[in-house]
A.B. asks: 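Quick one: the structure is below, questions incoming.
Labels below follow one simple rule: chain letters A, B, ... track the order of the sequence lines, proteins then strands, and each chain is numbered from 1.
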2 protein chains.
Amino acid sequence: MNSRRASAAPQAKSAAASASPWRARRRDREVKREAVIRAAARAFNHKGYHNTSLDDIAAALEVTKPTVYYYVTNKEHLLFQCFLAGVEPIRAAFREVKDRQATGRERLSAVLRHYGEAVASEFGWCMVRAEDQDLSPAMSRHIKALKSEIDQGIRRLIREGLEDGSIGSCDPKMTAFALAGALNWIAHWYREDQSLTPAEIAAAFVTLFEGGLQPRSASQAAPRASLRRRVRIAR
Amino acid sequence: MNSRRASAAPQAKSAAASASPWRARRRDREVKREAVIRAAARAFNHKGYHNTSLDDIAAALEVTKPTVYYYVTNKEHLLFQCFLAGVEPIRAAFREVKDRQATGRERLSAVLRHYGEAVASEFGWCMVRAEDQDLSPAMSRHIKALKSEIDQGIRRLIREGLEDGSIGSCDPKMTAFALAGALNWIAHWYREDQSLTPAEIAAAFVTLFEGGLQPRSASQAAPRASLRRRVRIAR
DNA sequence: TAGAATATCTACTCATGAGTATGATCGAGC
DNA sequence: GCTCGATCATACTCATGAGTAGATATTCTA
């Protein structure tokens with residue numbers, strides 16, 4: 001009860017003190033604000049949004065609730081910030097591939113790799129699970145818009161792949177749903193099973209998306225008869 | 001305020017009254033219990049578990065909260081029942097394909113089709129989103145066990161497909177995660193976008209899983225150069 | 001038709017958690 | 001040393017919602 005504020009924030013006010021103390025203060029504040037967001041993300045990851053109280057978050061930072069409120073306006077705002085932190089890398093991925101000279105499929109795969117890594121990141125859960133039901137109409141609209149932007153971006157890359165022949169015939173909408181869904185779902189199991197790095201997972205997924213389950217070429221149409229066991233006379 | 005209990009349950013006590021009234025009562029009770037579960041599922045679908053109060057559920061049934069508690073023990077039990085109702089068709093799908101003489105991939109695809117339809121069903125959301133964090137340790141264990149059973153079932157079918165040559169080289173674990181994830185995610189968007197039936201969605205997904213994005217055969221390695229636009233001199 | 005189940009309601013308790021009013025403290029500049 | 005603004009804590013308010021106690025209605029049985 002008396003060991004509080006042991007390490008609320010690194011408080012690294014070392015070098016670069018040349019600027020006005022005002023500036024330093026402001027930076028300090030920003031650093032702490034981000035620490036609050038990050039702590040919230042971790043707590044949401046661990047216990048879920050609704051099972052996390054602001055007291056929990058405060059406790060994790062070794063401060064009290066009013067201190068948290070000093071940096072963020074309310075709980076849903078906190079979730080919203082986590083969401084933004086989560087989607088930003090994905091939007092960056094889209095921007096990045098825009099300038100790339102490659103087929104639609106290649107650019108799509110690049111985006112999906114970043115997407116997968118983002119979902120497995122610290123903010124992945126919040127991004128994937130930020131629900132309109134938990135947010136005010138205004139924020140809900142904002143989040144929906146961002147989600148839609150990403151969805152449309154994926155569909156566009158798919159269409160471009162269809163046009164340049166790098167992607168085989170498919171429905172862009174359903175395909176986008178399937179790809180994004182598989183990646184989003186990573187947030188559900190990655191906490192428990194961290195046997196692979198986010199990059200490895202993303203790579204494995206993209207490989208599957210590209211090639212599908214069917215064996216390429218060769219033995220495709222003729223499964224080795226010797227292994228066709230399981231004939232079971234059950235009925 | 002005085003029009004309550006308009007239609008709490010069909011109350012079909014018509015024929016088959018031959019049995020003892022005891023039996024009739026019991027059936028009645030069971031019917032109503034299922035109506036409660038169903039109402040809960042609908043409410044959870046619509047507003048999410050945490051944003052749904054038992055008063056909401058009661059109101060939807062045009063009864064009061066104690067009446068709901070007369071049929072179920074508590075809120076988490078309600079979620080658990082919804083979960084069970086959601087997974088049962090999937091377990092049935094596994095049982096069904098067990099007796100089927102087909103390649104691993106064919107059996108896997110059959111299961112995935114049922115899986116997709118189950119996720120798009122009334123209980124899909126509850127099944128997919130029942131979180132351990134919201135449940136007591138005992139129920140959490142139970143749900144985890146069922147989820148694991150399904151996961152292992154998918155992996156097994158994948159391994160069998162690998163063995164009989166109907167599935168190309170892949171990591172069963174990651175592949176199972178990707179497939180299940182894509183399908184689970186249907187629950188997130190199906191409420192808003194019902195332009196396709198669950199069966200159509202499942203079919204589209206399975207087609208994608210099987211074939212992948214790359215075009216089969218033919219023009220695969222050589223995208224039509226004429227369409228390779230987008231050379232953009234941005235950097 | 002009395003009485004026993006069965007089914008439902010009214011009117012609570014109680015805990016939790018979001019958000020706040022108010023005051024203490026601390027560091028910087030004068 | 002004093003003041004002022006930034007920061008943080010104590011100690012609340014207040015609404016919501018899970019779950020219950022006990023009364024009441026309804027239906028079946030004897």
A.B. asks: Hey, does T73(A) reach any base, or is it just sugar-phosphate, or nothing, if we go heavy atoms under 4.0 Å?
C.D. replies: nothing
A.B. asks: Any idea which of dT8(C), dA18(C), dT7(D) is nearest the S53(A) side chain?
C.D. replies: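 Among the listed nucleotides, the one closest to the side chain of S53(A) is dA18(C).
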A.B. asks: OP1 or OP2 of dT8(C) sitting under 4.0 Å from any side-chain N/O of Y71(B)?
C.D. replies: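 The answer is yes; a side-chain N or O of Y71(B) sits under 4.0 Å from OP1 or OP2.
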A.B. asks: At less than 4.0 Å, is any side-chain N or O atom of R29(A) found next to OP1 or OP2 of dT7(D)? Yes or no.
C.D. replies: yes
A.B. asks: Rounded to the Å, how far apart are D28(A) CG and dC26(C) C1'?
C.D. replies: 13 Å
A.B. asks: T67(B) side chain N/O closer than 4.0 Å to the phosphate oxygens (OP1, OP2) of dA7(C)?
C.D. replies: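 So the side chain of T67(B) is outside the cut-off, no N or O lying under 4.0 Å from OP1 or OP2 of dA7(C).
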A.B. asks: Quick one: does N51(B)'s side chain get under 4.5 Å of H50(A)'s, heavy atoms only?
C.D. replies: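 The answer is yes; the side chains approach within 4.5 Å.
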A.B. asks: Rounding to an integer number of Å, can you tell me how far D55(A) CG sits from dA9(D) C1'?
C.D. replies: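 Atom CG in D55(A) sits about 12 Å away from atom C1' in dA9(D).
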A.B. asks: Does NZ or CZ of R155(B) come closer than 6.0 Å to the centre of the six-membered ring of F177(B), within 45° of the ring's axis?
C.D. replies: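 Relative to the ring axis of F177(B), which defines the angle, R155(B) lies inside both limits.
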A.B. asks: Just say parallel, tilted or perpendicular for the rings of H188(A) and W185(B), cut-offs at 30° and 60°.
C.D. replies: perpendicular
A.B. asks: Given dT7(D), dC9(C), dG19(C), which nucleotide is nearest the side-chain atoms of T64(B)?
C.D. replies: dC9(C)
A.B. asks: Specify the separation, in whole Å, of atom OH of Y49(A) and atom P of dT16(C).
C.D. replies: 19 Å
A.B. asks: Quick one: which of dC9(C), dA11(D), dA18(C) gets closest to the side chain of P66(B)?
C.D. replies: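 Closest nucleotide to the P66(B) side chain: dC9(C).
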A.B. asks: Counting only side-chain nitrogens and oxygens, does Y70(B) get under 4.0 Å of the OP1 or OP2 atom of dC9(C)?
C.D. replies: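 It does not, given that no N or O in the side chain of Y70(B) lies less than 4.0 Å from OP1 or OP2 of dC9(C).
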A.B. asks: From CG of L78(B) over to C1' of dA18(D), roughly how many Å is that when rounded to an integer?
C.D. replies: 12 Å
A.B. asks: CG of D56(B) versus P of dG17(D): gap in Å, rounded?
C.D. replies: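 D56(B) atom CG is separated from dG17(D) atom P by 7 Å.
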A.B. asks: I need the NZ-P distance between K47(A) and dT16(C), as an integer number of Å.
C.D. replies: 12 Å
A.B. asks: If I take atom CG in residue L135(B) and atom P in nucleotide dA18(D), what distance separates them, rounded to the nearest angstrom?
C.D. replies: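 Those two atoms, CG and P, are 14 Å apart.
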A.B. asks: Has the side chain of K65(A) got a donor or acceptor that lies under 3.5 Å from a partner of the other kind on the base of dA9(D)?
C.D. replies: no
A.B. asks: Mark yes or no for whether H114(B), through its side chain, and A110(B), through its backbone, hold a donor-acceptor pair below 3.5 Å.
C.D. replies: yes
A.B. asks: If I take atom CD in residue E30(B) and atom P in nucleotide dA7(C), what distance separates them, rounded to the nearest angstrom?
C.D. replies: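 Going from E30(B) (CD) to dA7(C) (P), I get 11 Å.
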A.B. asks: So F44(B) and Y49(B), would you call those rings parallel, tilted or perpendicular, with 30° and 60° as cut-offs?
C.D. replies: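 The rings of F44(B) and Y49(B) stand perpendicular, inter-plane angle above 60°.
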A.B. asks: Quick check for you: among dG19(C), dT8(C), dG19(D), whose closest atom lies nearest to any side-chain atom of Y69(A)?
C.D. replies: dG19(C)
